[in-house]
*Asks:* 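Sending over a structure as structure tokens; questions will come in a sec.
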Amino acid sequence: MKLWNYILLFFLLVAGIARSAVFGDLAVFAAKEYFGGYVDRSASFEQCMVFLNGRGVSISLFDLMDPAQVVKKEDFARIAGQSKLLFLGEAEYKSGTIRKPLDAETWVDYCLLNDVDIEPLWKSFVEKTAEGSLPEVKVYFNR
């Protein structure tokens with residue numbers, strides 16, 4: 001049975017889609033993994049969202065509320081890219097959101113051009129959400 005779980009995880013990694021990960025999972029993961037020094041490990045879903053959105057690392061309310069909206073690697077690259085710009089002090093904002101630099105066509109391109117290796121964190125994200133949403137998200141959405 002464990003072998004099948006690894007096979008499924010492999011296909012999810014190759015496909016670039018986390019099986020059941022929703023944007024709430026991405027918010028909690030990003031806040032606690034990227035900003036672990038600033039966000040308490042016991043922070044709730046709401047605290048993670050307030051932290052990220054307050055700094056311009058945005059997650060759409062529409063994406064959060066739609067349980068069918070699955071996180072793709074491109075979404076993950078956007079969060080990673082916005083975080084990198086924030087850490088470097090190079091973030092430029094538009095309507096309160098860190099905008100993508102003009103020299104990159106997509107956030108994936110930005111990550112590639114600026115040596116932001118999202119693979120280890122993407123793999124960790126997929127593994128942590130392979131069996132369902134993170135506990136903070138389950139509590140908030142009663143899932």
Side-chain angles (χ1 to χ4, degrees), residues 1-101 104-112 114-143:
M1 184 65 178
K2 227 175 186 185
L3 177 63
W4 287 111
N5 286 340
Y6 288 116
I7 292 171
L8 176 62
L9 180 62
F10 171 75
F11 283 114
L12 292 174
L13 288 170
V14 171
I17 298 175
R19 180 180 77 179
S20 58
V22 294
F23 281 83
D25 297 314
L26 179 58
V28 171
F29 184 85
K32 292 185 178 183
E33 296 297 325
Y34 269 116
F35 299 97
Y38 305 96
V39 176
D40 189 80
R41 300 301 293 170
S42 64
S44 67
F45 166 75
E46 299 95 325
Q47 291 167 321
C48 292
M49 283 299 301
V50 167
F51 179 86
L52 292 173
N53 282 329
R55 283 151 185 82
V57 180
S58 64
I59 296 180
S60 164
L61 182 60
F62 296 111
D63 290 337
L64 278 175
M65 300 312 291
D66 185 357
Q69 192 71 278
V70 177
V71 175
K72 296 181 290 295
K73 198 179 246 183
E74 291 80 11
D75 303 313
F76 198 86
R78 178 178 53 79
I79 298 297
Q82 288 177 326
S83 300
K84 170 85 172 191
L85 288 168
L86 184 62
F87 283 134
L88 292 174
E90 298 175 2
E92 293 182 19
Y93 296 85
K94 181 178 180 181
S95 302
T97 299
I98 297 173
R99 68 180 190 92
K100 179 182 58 58
E105 195 167 312
T106 67
W107 281 107
V108 173
D109 292 340
Y110 172 81
C111 289
L112 291 171
N114 292 280
D115 296 322
V116 179
D117 185 10
I118 64 170
E119 289 304 319
L121 281 173
W122 172 253
K123 182 179 177 187
S124 177
F125 177 67
V126 170
E127 288 172 357
K128 286 184 178 187
T129 58
E131 298 299 321
S133 285
L134 298 173
E136 299 86 347
V137 176
K138 288 179 182 178
V139 167
Y140 185 81
F141 289 103
N142 294 319
R143 292 184 185 160

*Asks:* Identify the heavy atoms of Cys111 and Ile118 that sit nearest to each other, and give their distance.
*Replies:*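 That closest heavy-atom pairing would be SG-CG2, 4.1 Å.
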*Asks:* What pair of heavy atoms forms the shortest contact from Asp109 to Glu105, and how long is it?
*Replies:*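 For Asp109 versus Glu105, the nearest heavy atoms are OD2-CB, 3.3 Å.
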*Asks:* Would you compute the distance between atom CD of Glu119 and atom NZ of Lys73 and round it to the nearest 0.5 angstrom?
*Replies:*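 Atom-to-atom, Glu119:CD and Lys73:NZ are 3.5 Å apart.
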*Asks:* Between Tyr110 and Pro101, is any pair of side-chain heavy atoms under 4.5 Å apart?
*Replies:*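 The answer is yes; the side chains approach within 4.5 Å.
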*Asks:* Quick check for you: to the nearest 0.5 Å, what is the distance between Ile79 atom CD1 and Ser58 atom OG?
*Replies:*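 One finds 6.5 Å between CD1 of Ile79 and OG of Ser58.
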*Asks:* Check residues 84-98 and write down every donor-acceptor pair under 3.5 Å in which the side-chain atom is one partner and the other belongs to a residue at least two apart or another chain.
*Replies:*
residue, atom, partner, partner atom, Å
Glu92, OE1, Arg99, NH2, 2.7
Tyr93, OH, Arg55, O, 3.3

*Asks:* State, to 0.1 Å, how close Trp107 and Gly81 come at their nearest heavy-atom pair, and which atoms those are.
*Replies:*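 Where Trp107 meets Gly81 most closely, the heavy atoms are CZ3-C, 3.5 Å.
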*Asks:* Where do Ala27 and Leu52 come nearest, in terms of heavy atoms and distance?
*Replies:*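 Between these two residues, the closest heavy atoms are O-CD1, 3.3 Å.
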*Asks:* Do you know the tightest heavy-atom contact between Val22 and Pro67?
*Replies:*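 Answer, listing the atom of Val22 first, then Pro67: CG1-O, 3.7 Å.
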*Asks:* Ring-plane angle category for Trp122 and Phe125, please: parallel below 30°, perpendicular beyond 60°, tilted otherwise.
*Replies:*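 Ring orientation of Trp122 relative to Phe125: tilted.
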*Asks:* What's the shortest heavy-atom distance between Leu64 and Phe23, and which atoms?
*Replies:*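 So the minimum-distance heavy-atom pair works out to CD2-C, 3.7 Å.
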*Asks:* Check the pair Met49 / Ile59 against side-chain contact (heavy atoms from CB on, under 4.5 Å), numbers first and verdict last.
*Replies:* CA-CA 8 Å; Met49 283 299 301; Ile59 296 180; 4.1 Å; yes
*Asks:* side-chain contact (heavy atoms from CB on, under 4.5 Å) between Phe29 and Leu121: does it pass, once the steps are laid out?
*Replies:* CA-CA 9 Å; Phe29 184 85; Leu121 281 173; 4.0 Å; yes
*Asks:* Does any N or O in the side chain of Asp66 come within less than 3.5 Å of the main-chain N or O of Phe62, such that one atom is a donor and the other an acceptor?
*Replies:*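 No; zero donor-acceptor contacts below 3.5 Å.
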*Asks:* With a 4.5 Å heavy-atom cut-off, do Gln47 and Val50 have their side chains touching?
*Replies:*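 A side-chain contact is absent here, since even the closest heavy-atom pair is not under 4.5 Å.
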*Asks:* Applying ring pair (Phe, Tyr, Trp, His ring centres under 6.0 Å), can you list everything that pairs with Tyr34, at least two apart in sequence or on another chain?
*Replies:*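 Here no residue qualifies.
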*Asks:* Would Tyr140 and Ser44 count as a side-chain contact (heavy atoms from CB on, under 4.5 Å) if you check the C-alpha gap in whole Å, the side-chain angles of each, and the deciding distance to 0.1 Å?
*Replies:* CA-CA 8 Å; Tyr140 185 81; Ser44 67; over 6 Å; no
*Asks:* According to the salt bridge (charged side-chain N to carboxylate O under 4.0 Å, His left out) rule, which pairs have a member within residues 32-51, sequence neighbours left out?
*Replies:*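 Salt bridge (charged side-chain N to carboxylate O under 4.0 Å, His left out) check on residues 32-51 returns Lys32-Glu136, Glu33-Arg41, Glu33-Lys128.
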